[in-house]
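Note sheet for the following structure.
No experiment lies behind these values; they were computed from the predicted model shown. A, B, ... follow the sequence lines: proteins, then strands. Residue 1 opens every chain.
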Amino acid sequence: MVQAKSGLINAMGLPNPGIDVYAEEIKFSKTVLRIPLIVSVFGYSADEYATVAKKAVDAGADAVELNVSCPHVKQTGAEIGQSPKLLSEVVQKVKAAVNKPLIVKLSPNVADITVIAQAAVEAGADALTAVNTLKAMAIDVETGRPILSNIKGGLSGPAIKPIALRCVYDIHEEFDVPIIGCGGITDWRDAVEFFLAGASAVQVGTAIALEDTEVFQAITKGVEVYMRKKHYRSVKEIVGLAHRS
Amino acid sequence: MSASLIAANTLRTTEIVQVKTESPTVKTFIMPDRLCSKVKPGQFLMLWIPGVDEIPLSIMDASNGLVAVSVKQVGDATRHLHGLKAGETVGIRGPFGNSFTESRGRVLLLGGGTGTAPLLFLAKQLSAKTERLSFVEGAKTKDELLFIRELNGICNEKSLITTTEDGTYGLQCLVTEPLSSLLDREKFDMIYTCGPEVMVKKIFELTEQRKLPLEASLERLMRCGIGLCGSCVIGKYRVCRDGPVFTAAQLREVKDELGISKMGFDGSRIPI
């Protein structure tokens with residue numbers, strides 16, 4: 001983990017004990033949660049994605065999000081998220097295996113994110129998340145060495161917010177698919193910006209390190225106050241509003 | 001932690017100014033670092049060993065612009081670190097985590113292995129303020145008993161109890177053994193502990209039976225150090241962010257895991 005000037009670069013990989021162990025956690029979570037549970041899944045092949053997704057849904061997941069965009073796991077994630085053909089195959093296989101909403105988390109590490117978005121939507125994705133981390137690195141000048149033992153990692157946090165926002169805007173411009181905005185959202189203003197760009201929901205990760213878990217309540221409260229002040233009854237009313245001509 | 005702090009305590013490199021051999025397996029490294037020289041006992045830092053890895057270490061001492069960590073050689077990263085000498089470069093991120101609360105009156109500190117390091121730091125700060133300070137330190141064998149000279153300077157003969165598993169120094173028993181009678185014999189206003197989790201669990205059970213206040217510093221696998229990755233979770237707490245120091249009330253909430261299981265490198269639960 002590198003604490004960059006306005007974000008974090010992580011090379012966690014995707015440490016996990018496997019879906020069979022994780023299924024127990026999903027089952028337990030469903031007994032205590034009163035909100036929907038979305039499970040993030042990844043695999044090394046289309047079949048593996050489908051197997052893992054099905055087990056997650058069988059354990060109680062209300063939806064699955066395909067992580068096809070983790071930039072620091074070799075031979076998975078990013079490669080699939082960068083290839084319309086590979087992505088299409090994965091989405092179709094998972095879609096056939098599960099009967100719950102299927103979300104695809106897109107990588108920003110592509111020339112044109114709408115090309116990948118189109119492949120996901122045409123293959124049957126019910127929603128898209130934009131975006132995962134940007135490929136990044138940091139070098140210590142004293143020793144001249146990359147700080148991460150993995151050399152490269154994924155940049156998250158405020159540094160990538162304007163890029164993530166542009167990605168959401170671009171996707172909303174071309175497709176009707178629901179979008180979950182993700183990338184550097186730290187306060188309610190950031191969240192509202194993503195709604196205006198076309199997101200129907202947002203994800204928050206790095207801000208937990210900045211503001212701790214209270215950040216979730218702070219954002220939802222702030223959004224509510226904004227809505228009241230502007231006389232909107234639902235977030236739905238402002239989704240994509242920045243696109244009006 | 002505020003956004004400004006996370007920006008402020010990013011990785012910076014510093015030069016090791018001194019390496020002390022504490023035991024056949026433990027060395028102390030002293031480095032200049034402005035932020036970490038102002039910490040309170042219990043806090044930790046992430047130490048970057050260039051080209052190798054980054055590891056969490058509790059702070060053993062901090063003053064006059066310097067910070068010290070005592071490190072046991074247990075794996076690849078610590079083996080590389082043990083090979084470093086004064087003048088070589090390491091990186092520091094932090095400080096992170098909460099600290100022991102300062103207690104007056106009569107206090108008891110129980111340290112096992114390198115868990116003695118943050119308690120030595122605490123004892124130095126408390127000794128002038130408390131009515132009475134007692135210290136129990138345990139190790140496998142005499143060679144591994146850490147900081148005996150320093151502790152002798154803080155405690156007197158009566159208030160420092162040492163135990164070794166093989167009986168080569170002090171009492172031949174586990175550090176928890178003299179505790180029952182000590183707790184029954186004397187009154188303590190606060191008990192602090194740090195060491196192997198099985199030891200912490202045993203101490204927690206003994207203090208719970210007597211309804212005594214306890215603060216324990218826990219150790220878990222840590223990757224990010226800033227509350228994000230979940231590697232160090234115990235029950236509903238993240239050791240890096242909500243700890244590493246936990247109160248008896250908090251330990252009660254995690255007693256199904258304390259000294260029993262922890263998360264391994266792949267996130268699966270492994271027995272302790």
#### Entry: Contact class of B/Arg269 relative to chain A, heavy atoms under 4.5 angstrom
neither
### Query
If you measure only the distance, is there a donor-acceptor pair under 3.5 Å linking the side chains of B/Glu215 and B/Thr101?
yes
### Message
Quick one about B/Ser268 and B/Asp266 (side-chain donor to acceptor, distance below 3.5 Å, no hydrogens or angles considered), yes or no?
### Response
yes
#### Entry: Donor-acceptor side-chain pairing of B/Ser99 and B/Gln43 below 3.5 angstrom
no
### Query
In terms of heavy-atom pairs under 4.5 Å, which option from A/Leu148, A/Thr143, A/Val2, A/Asp140 contacts chain B the most?
A/Asp140
### Query
Does one side chain, of A/Thr186 or A/Glu211, offer a donor that lies under 3.5 Å from an acceptor on the other?
no
### Query
Is chain B contacted by the side chain of A/Pro158, its backbone, both, or neither, given a heavy-atom distance below 4.5 Å?
neither
### Query
Which region of A/Ile147, side chain (C-beta onward) or backbone (N, CA, C, O), has a non-hydrogen atom less than 4.5 Å from a non-hydrogen atom of chain B, or is it both or neither?
both
